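One structure is given below, encoded as structure tokens.
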Amino acid sequence: MTEKDRVIISGGGPVGLICALGLARQDVPVTVLERNEDLLDDPRAATTHPATLELLDELGLEEEVRAAGLVAPVFQFWDRTSGELIAEFDHALLSEETRFPYVVQCEQFKTARIALSHLQREPNAEVLFGHEVTGIAEGEDGVTVTVRNGERSFTRTTPYLVGADGGRSLVRKSAGIEFEGFTFLEQFLVLTTPFDFQSWRGYSYRSYFADPQEWCNCFKVAADGPPGLWRTVYPTDPQQQEDDLLSDAAVQARLQKFFPKDGDYEVVHRNLYRVHQRVAKTFRKKRVLLAGDAAHVNNPIGGMGLNGGIQDAVNLAGKLAEVWQGRATDALLDLYDLQRRTVTTEFVQAQTIQNKKRLEARDEATRQANFRDLRETAGDPERAKAFLMRASMLDAERRAAALGAP
Ligand SMILES: Cc1cc2nc3c(=O)[nH]c(=O)nc-3n(C[C@H](O)[C@H](O)[C@H](O)COP(=O)(O)OP(=O)(O)OC[C@H]3O[C@@H](n4cnc5c(N)ncnc54)[C@H](O)[C@@H]3O)c2cc1C
């Protein structure tokens with residue numbers, strides 16, 4: 001083995017780190033290049049679905065993720081205008097389908113840290129912080145990657161380059177892979193508060209609020225320990241300036257409109273996110289592979305983006321290891337593209353777009369039809385189970401597996 005045999009992963013986010021761990025565990029030498037000096041305390045993803053917990057368990061990470069997060073078997077749909085609980089779904093209905101009939105609410109920086117701590121115990125894995133990939137050049141036998149580390153620039157050649165470098169992926173752009181889809185006009189605002197919405201309002205750890213003017217997601221994360229934090233997510237008016245949206249007065253008004261209470265809310269984070277629905281035209285171009293947000297982005301309603309990314313990472317690590325070890329031809333990497341791109345489009349994109357439509361419906365007849373459908377689905381165990389199979393991403397993983405069946 002020489003330096004040139006190492007697989008290189010651009011991006012040490014949760015997806016890059018988990019892909020690296022999967023490779024290292026299968027004796028493939030791997031280097032992760034991460035431009036930041038350390039993992040960021042990134043407050044984005046939290047919901048980890050049953051299908052992903054199964055994969056994390058195979059890597060020996062599930063127990064630690066569960067211990068760092070909150071177990072949430074139930075989620076709810078509410079109508080904000082009437083204050084009525086429309087439907088509640090309990091993952092217990094999936095107990096014959098999975099060993100993990102719940103989601104775990106674990107902030108993505110914790111999942112990334114757990115993956116990193118395991119990766120650092122693997123002798124054939126290397127994680128280089130403060131190393132930014134600035135260019136790639138594809139050759140017949142490998143990809144040459146240009147890397148900047150402070151004032152210094154150098155190149156490395158790898159048989160396979162994995163772009164796990166997020167939504168603005170330099171790897172994807174440099175490989176000339178289109179990122180097809182659209183960007184929503186409105187940004188999403190996330191406001192985080194320690195106010196206990198369960199004790200005071202009866203909301204479950206994951207609650208979705210339909211509202212013709214301004215929908216909301218409200219969910220709990222463990223943070224640094226009890227009592228934890230609640231994150232609320234809203235759409236914003238595209239005409240409004242960011243400073244106005246994030247001002248103290250605007251933030252308090254928004255929380256009070258949704259959840260009136262005496263006195264101001266304590267707000268510990270406020271973030272605005274631009275939201276897209278995009279899928280790369282291919283997840284594989286010769287020796288370049290894409291995973292996670294570099295390959296697909298979606299709105300966060302339903303919490304599927306990182307889950308899909310972790311599912312990419314584990315799928316890709318398995319196949320790349322087979323190819324690297326010489327046990328399979330590189331045609332196996334086309335199957336990675338087929339499996340993961342198909343489920344990204346059929347499940348993650350379709351589901352998250354539908355989730356948003358359901359919450360934001362304006363027309364009263366449509367809203368009432370949505371509520372009727374949700375009530376009937378929750379009230380019928382067979383339909384509720386089918387709904388949960390999709391929401392938990394178990395259907396997506398099974399569809400991907402079926403695409404790979406001989
Ligand atoms: C408000 C919000 C809530 C969300 N909630 C959920 C949820 O509940 N569940 C869920 O599944 N998903 C959720 N998501 C989506 C989730 O956050 C992303 O899908 C996830 O971060 C993707 O992980 P990643 O590792 O692919 O990319 P990233 O987390 O973006 O990591 C990419 C890494 O690559 C590094 N990098 C970039 N360019 C370079 C370069 N040129 N060289 C070297 N390094 C580079 C970056 O520094 C970064 O560390 C949410 C998103 C938002 C905005």
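Everything numeric here is computed off the predicted structure, so don't read it as measured data. Worth knowing before you read on, the calculation uses all heavy atoms, side chains too, and leaves out hydrogens, waters and symmetry mates. Each ligand, and each atom within it, is numbered from 1 in the order the structure gives.
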So, do [X] and [Y] have ring centers that fall under 6.0 Å from each other?
X	Y	answer
F219	Y205	no
F197	F259	yes
Y203	W78	yes
Y265	F195	yes

[atom]: which protein heavy atom is closest, and how many Å away?
atom	value
atom 5 (N) of ligand 1	A45 CA, 3.3 Å
atom 10 (C) of ligand 1	L306 N, 3.2 Å
atom 37 (C) of ligand 1	D165 O, 3.3 Å
atom 45 (C) of ligand 1	R35 CG, 3.9 Å
atom 16 (C) of ligand 1	Q108 OE1, 3.5 Å
atom 31 (O) of ligand 1	G13 CA, 3.6 Å
atom 34 (O) of ligand 1	G11 CA, 3.2 Å
atom 51 (C) of ligand 1	R44 CB, 3.9 Å

Please say whether more than 12 non-hydrogen atoms of neighbouring residues, nucleotides or ligands are located less than 6.0 Å from [atom1] in [X].
X	atom1	result
Q325	CD	yes
R168	CZ	no
E84	CD	yes
K261	NZ	yes
D363	CG	yes
K4	NZ	no

Under a 4.0 angstrom heavy-atom cut-off, which atoms of ligand 1 come close to [X]?
X	value
G292	26 (O)
L33	43 (C), 44 (N)
G166	27 (O), 30 (O), 32 (C)
P14	23 (O), 25 (O), 29 (O)
V190	1 (C)
S10	40 (C), 42 (N), 43 (C)
A164	32 (C), 33 (C), 34 (O)
V15	23 (O), 24 (P), 25 (O), 26 (O)

Before signing off on this row, confirm whether [X] and ligand 1 have an N or O atom pair separated by under 3.5 Å.
X	answer
G16	no
E132	no
H131	no
A294	no
D293	yes
V133	yes
G167	no
P300	no
N36	yes

What ring pair (Phe, Tyr, Trp, His ring centres under 6.0 Å) pairs are there with at least one residue in residues 43-64, not counting sequence neighbours?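 Passing the test, one end in residues 43-64: no pairs.
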To the nearest 0.5 Å, what is the distance between CG (N149) and CZ (F154)?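 Interatomic distance, N149 CG to F154 CZ, rounded to 0.5 Å: 6.0 Å.
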E34, H276, Q105: member with heavy atom nearest to atom 33 (C) of ligand 1: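 Looking at heavy atoms only, the winner is E34.
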Please determine whether any non-hydrogen atom of G309 lies less than 4.0 Å from an atom of ligand 1.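 No; G309 lies far enough from ligand 1 that no heavy-atom distance drops under 4.0 Å.
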Can you list every pair that meets side chain to side chain donor-acceptor pair (under 3.5 Å) and has a residue in residues 6-15, with sequence neighbours left out?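 Applying side chain to side chain donor-acceptor pair (under 3.5 Å) to every pair that reaches into residues 6-15, excluding sequence neighbours, yields R6-T31.
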Reference residue D337; test side-chain hydrogen bond (donor to acceptor under 3.5 Å, both in side chains); the match among R340, R341, Q339: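 Filter result, single survivor: R341.
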Axial cation check for F258 ring with R80, 6.0 Å and 45° limits: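 Checked: cation-pi criterion met.
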We want to know whether Q351 and N355 form a side-chain donor-acceptor pair, criterion being a heavy-atom distance below 3.5 angstrom.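 The answer is yes; a qualifying pair exists.
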